[in-house]
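Step one of this worksheet: look at the structure below.
By convention in this document, chain letters (A, B, ...) are assigned in the order of the sequence lines, proteins followed by strands, and residues within each chain are numbered from 1. Worth knowing before you read on, the calculation uses all heavy atoms, side chains too, and leaves out hydrogens, waters and symmetry mates.
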2 protein chains.
Amino acid sequence: MHARPALTGPVEDYLKAIYELESRFGAAATSDVAHALDVAPASVTGMVRRLATQGYLDHVPYRGVQLTPCGRQAALRTIRRHRILESYLTGVLGYPWDRVHDEAERLEHAASDDLIERMAAALGHPTADPHGAPIPTADGLIEEQPHRTLAELPVGETARMLRVSDKNPSLLRYLAEIALQPGAEVTMVARAPFDGPITLRIGNSEPVVGPNLAAQVLVAAMPSSGLRSADASGSLPSTAASKPKSRKPTAR
Amino acid sequence: MHARPALTGPVEDYLKAIYELESRFGAAATSDVAHALDVAPASVTGMVRRLATQGYLDHVPYRGVQLTPCGRQAALRTIRRHRILESYLTGVLGYPWDRVHDEAERLEHAASDDLIERMAAALGHPTADPHGAPIPTADGLIEEQPHRTLAELPVGETARMLRVSDKNPSLLRYLAEIALQPGAEVTMVARAPFDGPITLRIGNSEPVVGPNLAAQVLVAAMPSSGLRSADASGSLPSTAASKPKSRKPTAR
DNA sequence: CTCAAAAGTTAGGTAGGCCTAAGTTTAAGG
DNA sequence: CCTTAAACTTAGGCCTACCTAACTTTTGAG
Ligand SMILES: [Mn+2]
Ligand SMILES: [Mn+2]
Ligand SMILES: [Mn+2]
Ligand SMILES: [Mn+2]
């Protein structure tokens with residue numbers, strides 16, 4: 001609540017990684033954090049203990065870790081900076097979307113709030129980053145859209161592409177090549193059986209992609225009939241993720 | 001020459017500070033570096049020993065420190081980034097010139113070369129930062145202009161304002177108020193004796209300033225007669241500063 | 001020339017952030 | 001249940017980058 005000491009870069013990255021794991025699985029496992037940050041599990045245990053004593057997270061040894069409200073706020077602040085930076089780099093400086101993540105990963109720890117807000121203003125206060133991830137507001141509210149994966153899209157249906165992970169540059173380059181980017185309308189033309197190739201229609205072209213790729217692309221939950229532009233603003237924002245898919249670490 | 005390991009932020013700041021002290025005094029004294037970086041002298045001794053063993057500088061104990069070619073190259077790279085960042089922040093994002101230094105001081109360690117060059121390109125490859133400091137080229141050449149201080153300007157003469165330190169925000173705010181910024185034509189109208197107040201003409205106004213302020217403002221060495229715009233490009237660049245004013249540390 | 005202050009260095013310590021190796025706990029299969 | 005592999009933590013180090021306190025070298029005033 002009060003003026004906490006400024007966080008270091010590594011600490012911001014830990015909180016961010018834990019936030020993302022927590023919203024996917026309900027809690028973050030030591031080894032998942034280690035994998036996300038590319039450090040040894042022992043390093044995570046050590047850092048987690050420190051951050052727990054400092055009030056940023058709750059740690060039940062051997063059971064995983066969860067953010068406190070204070071830790072969640074810090075995580076969302078870093079995520080906001082990251083995503084605004086990515087948006088600015090692509091939108092203003094002409095970066096390709098497969099190269100903004102690494103740059104933002106460093107700048108997010110160095111840019112002042114003032115700079116971030118100036119960038120956001122220059123972009124007209126965007127609500128999603130170039131990969132379709134929602135940008136939390138300055139006071140820590142984030143609005144997740146309901147979605148399914150492209151792999152789940154029934155044959156014949158059309159959906160609006162929503163989002164893809166920003167962490168795989170070569171995947172991003174390929175998606176750009178076939179024009180599969182957030183906002184694009186994509187139709188499931190055919191799906192070969194036994195996890196076979198998937199034929200899509202995007203604009204005038206009909207790229208054929210693997211099921212593995214399709215599973216990584218998120219599309220809007222509701223079928224998109226024609227050119228209805230769903231107004232993103234105005235709906236009530238929620239503080240965290242929608243419904244975590246349960247997995248290993250259940251904390252408590 | 002080969003791929004040296006990436007430097008840390010603190011190391012980049014040490015090399016930059018040493019570069020600046022060296023170009024002013026011929027060599028950098030431990031206590032001056034300590035003062036510039038706001039660390040204890042003992043910390044400087046330690047860092048300097050490490051950087052000397054790593055080949056970035058030569059250290060003669062008790063006599064000061066000097067950059068090796070390799071250290072100078074690293075320093076100029078950081079200075080280039082710093083100054084391009086300052087230029088971008090004022091030129092594109094509307095930062096006032098008194099607040100860019102702190103921001104650039106952090107971003108200079110996080111921005112990639114690609115980002116820096118994109119910013120430079122967006123600005124049309126500027127040759128000076130908002131405070132008038134020359135921007136080294138990507139291959140480490142820097143071109144200092146001949147200058148004198150505004151305090152030295154003879155009464156009746158007009159000169160083009162060249163440069164001022166970026167480290168004193170309140171001075172910068174005041175200079176902006178009286179329109180004394182790089183490129184401005186300034187005339188020495190009158191100087192009261194015994195270090196008394198100095199009357200200037202800048203445009204239509206005649207601000208009266210102290211000799212202390214005037215000593216901090218650099219103007220072009222040659223009198224500017226009217227509106228001749230001196231072409232900065234085309235002259236031969238030199239690797240380092242012109243002629244260091246000798247002072248305490250003489251190294252060797 | 002002397003000698004004390006200033007400048008610089010050395011010694012010893014802290015904290016952050018990482019590592020490997022060696023335990024400990026948990027979960028899961030048989 | 002028992003056993004064992006996987007997940008996790010603990011122990012013990014290392015490196016960077018800082019600090020203070022104590023010592024050494026240089027300098028310059030008298
Ligand atoms: Mn990203
Ligand atoms: Mn990061
Ligand atoms: Mn500056
Ligand atoms: Mn800096």
#### Entry: Integer-rounded Å distance: C:dA7 C1' and B:Leu21 CG
15 Å

### Message
Is the phosphate of D:dT9 approached by A:Thr45 (side-chain N or O, under 4.0 Å from OP1 or OP2)?
### Response
yes

### Message
As a test of reading the structure: which of C:dA7, D:dC18, D:dT9 is closest to the side chain of B:Tyr14, going by heavy atoms?
### Response
D:dC18

### Query
Rounded to the Å, how far apart are A:His109 NE2 and C:dG16 P?
17 Å

### Query
Mind checking whether A:Tyr88 and B:Tyr88 have parallel, tilted or perpendicular rings, split at 30° and 60°?
perpendicular

### Query
Taking only side-chain nitrogens and oxygens of B:Ser31, does any of them come within less than 4.0 Å of OP1 or OP2 of C:dG8?
yes

### Query
Taking C-beta and beyond as the side chain, do B:Asp114 and A:Tyr95 meet within less than 4.5 Å on heavy atoms?
yes

### Task
Map B:Val11 and A:Pro41 onto DNA chain D by nearest heavy atom, then report which one ends up closer to the 5' terminus.
A:Pro41

### Query
If each of A:Arg50 and B:Tyr62 is mapped to the nucleotide of DNA chain C with the nearest heavy atom, which maps nearer the 5' terminus, i.e. the 5' end?
B:Tyr62

### Task
Grab the CE-C1' distance between A:Met47 and C:dA15 for me, whole Å please.
12 Å

### Atom-pair distance (CG on B:Leu51; P on D:dC18), nearest Å
11 Å

## Note on the structure
Of A:Asp38 and B:Arg49, the one whose closest nucleotide on DNA chain C sits nearer the 5' end is B:Arg49

### Query
B:His59 has an atom NE2; how far is it from atom C1' of C:dT10, in whole Å?
12 Å

### Query
Taking the side chain of A:Gln54 as its heavy atoms from C-beta onward, which of D:dT20, C:dC18, C:dG16 lies nearest to it?
C:dG16

### Query
Rounded to the Å, how far apart are B:Leu15 CG and D:dA17 C1'?
15 Å

### Query
Just how far, in rounded Å, is P of D:dC19 from CG of B:Leu37?
10 Å

### Query
Which nucleotide sits closest to the side chain of A:Ser43: C:dG17, C:dC19, D:dA21?
C:dC19

### Message
Are A:His101 and A:His131 an aromatic pair, judged by ring center distance below 6.0 Å?
### Response
no

### Query
Between D:dC8, D:dT20, C:dT26, which nucleotide gets closest to the side-chain atoms of B:Ala40?
D:dT20

### Message
With a 6.0 Å cut-off (strictly less than), is the heavy-atom count around CG of B:Asn168, excluding the residue itself, greater than 12?
### Response
yes

### Query
Counting N and O atoms only, with roles assigned by atom type, does the side chain of B:Arg80 sit under 3.5 Å from a partner on the main chain of B:Pro136, one being a donor and the other an acceptor?
yes

### Query
What integer distance in Å separates A:Asp13:CG from C:dG16:P?
17 Å

